[in-house]
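What you are looking at is a predicted structure, and each value in this text was computed from that prediction instead of being measured. A, B, ... follow the sequence lines: proteins, then strands. Residue 1 opens every chain.
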2 protein chains.
Amino acid sequence: MEHRPLGTQDLICFALYSANNAMNRLYRPLLARLGLTYPQYLVLVSLWDRDGKTVGQLGEELGLESNTLTPLLKRMAEAGLVTRARSEADERVVTIALTDKANALKSEVADLVGCVFDATGLTLDEARRLRDDIFALRDAIEDRDPRG
Amino acid sequence: MEHRPLGTQDLICFALYSANNAMNRLYRPLLARLGLTYPQYLVLVSLWDRDGKTVGQLGEELGLESNTLTPLLKRMAEAGLVTRARSEADERVVTIALTDKANALKSEVADLVGCVFDATGLTLDEARRLRDDIFALRDAIEDRDPRG
DNA sequence: CATAAATAAATCGTGCACGATTTGATCGCA
DNA sequence: TGCGATCAAATCGTGCACGATTTATTTATG
């Protein structure tokens, strides 16, 4: 078993890292024109699917915790994109809802998704397969603690 | 052509984003025991392959610029992992070299790579293919400016 | 009912990434 | 030789991610 010294180009983690950075560089200027950052865009996509999620539910879906989401959502609220309200039933819970301003962005953002898909140069089937392989990788390494 | 409202789970960019976050969560505690962050680990891997790269060369390989690398390398220098020296031939250029302390980490880090590979649950061939598909995606979207 | 445990969100500090700009050295060209 | 263009790195401000902790509310248990 050969053990050639590994370089960055050999690592699947570096592939993810650099592809994710490249994706951000692609999205950033397009989203900036709409006054959005990439994680804020993900929050909108999530809430367009179903509005009125709690901070915890958003975190569950996006893989983030309140230490990231709370300040992010505060910025979005300040920008007039969402409202933040304590639940009446359970005062610990904060519910996030879209504003009209956020809903008005929906079509522009839909354009953007197609635009990014075109940039990948993949067929629809190829993109689906790669997406699902990457999700499977994520699920495999999640909640692992190898020799923690 | 159906246009079902898209959710986060449909987006290849979200697959990358969440898989990259998961990978970081896997690496973070393991690297923290060595006093490293993930980008710092990438710098070490790059320099173990060939020592004495300039800031620009590191940036070329890792897809980062001096605004990210300079403070990162300063922290690594403060931690005694690298040295930073202005080139004599060209005073604009800063050369980064590994210290003995950094070289001493090599074997521990090699263990870590195998450990992370195990966590993926992939065969070697599967991992190689996925890695190269992700690199290909990165290369496709890099330096694109769709309707910039 | 009291109070300890559990839970949801918020707070705090650190280290990236990156756009924009600045600093300082080198190059090109009249 | 002079001097503007170019180039490498550094600086600055913003917004994530995240570990660790705190605050406030609800639930569970004696």
Expressed as a whole number of angstroms, how long is the span from E60(B):CD to dA9(D):P? 12 Å
Quick one: is dT23(C) close enough that its OP1 or OP2 comes under 4.0 Å of any side-chain N or O from R92(B)? no
Can you name the nearest heavy-atom pair linking Y41(B) to L11(A), along with the distance? OH-CD1, 3.7 Å
In whole angstroms, how far is the P atom of dA10(C) from the CG atom of D90(A)? 13 Å
Does either side chain, that of K53(B) or that of S46(B), offer a donor lying less than 3.5 Å from an acceptor on the other one? yes
Test: E108(A) and R33(A) ion pair at under 4.0 Å: no
Roughly how many Å is it from CE in M23(A) to P in dC18(C), rounded to a whole number? 13 Å
Judged by each residue's nearest nucleotide on DNA chain C, which is more toward the 5′ side, A89(B) or G56(A)? G56(A)
Starting at CG of L69(B) and ending at P of dC18(C), how long is that distance when rounded to a whole Å? 10 Å
Rounded distance in Å - CZ (R84(A)) to C1' (dA10(C)): 9 Å
Hey, which sits more toward the 5' end of DNA chain D by its nearest nucleotide, R86(B) or E88(A)? R86(B)
Reckon A22(B) touches a base, only the sugar-phosphate, or nothing at all at heavy-atom distances under 4.0 Å? nothing
Could you check whether the rings of Y38(B) and Y17(A) sit parallel, tilted or perpendicular, using 30° and 60° as the cut-offs? perpendicular
Residues R129(B) and D132(B) bridged, charged N to O under 4.0 Å: no
With heavy-atom distances below 4.5 Å as the criterion, would you say the side chains of L130(A) and I134(A) are in contact? yes
Under-3.5 Å N/O pairs linking protein and nucleotides 11-17 of chain C:
| unit_1 | atom_1 | unit_2 | atom_2 | d |
| --- | --- | --- | --- | --- |
| dT11(C) | OP2 | K74(A) | NZ | 2.5 |
| dC16(C) | OP1 | T37(B) | OG1 | 2.6 |
| dC16(C) | OP2 | Q40(B) | NE2 | 2.9 |
| dC16(C) | OP2 | R75(B) | NE | 2.7 |
| dC16(C) | OP2 | R75(B) | NH2 | 3.0 |
| dC16(C) | O5' | R75(B) | NH2 | 2.8 |
| dA17(C) | OP2 | Y17(A) | OH | 2.6 |

Value in whole Å for how far the C1' atom of dA8(C) lies from CD1 of I96(A): 12 Å
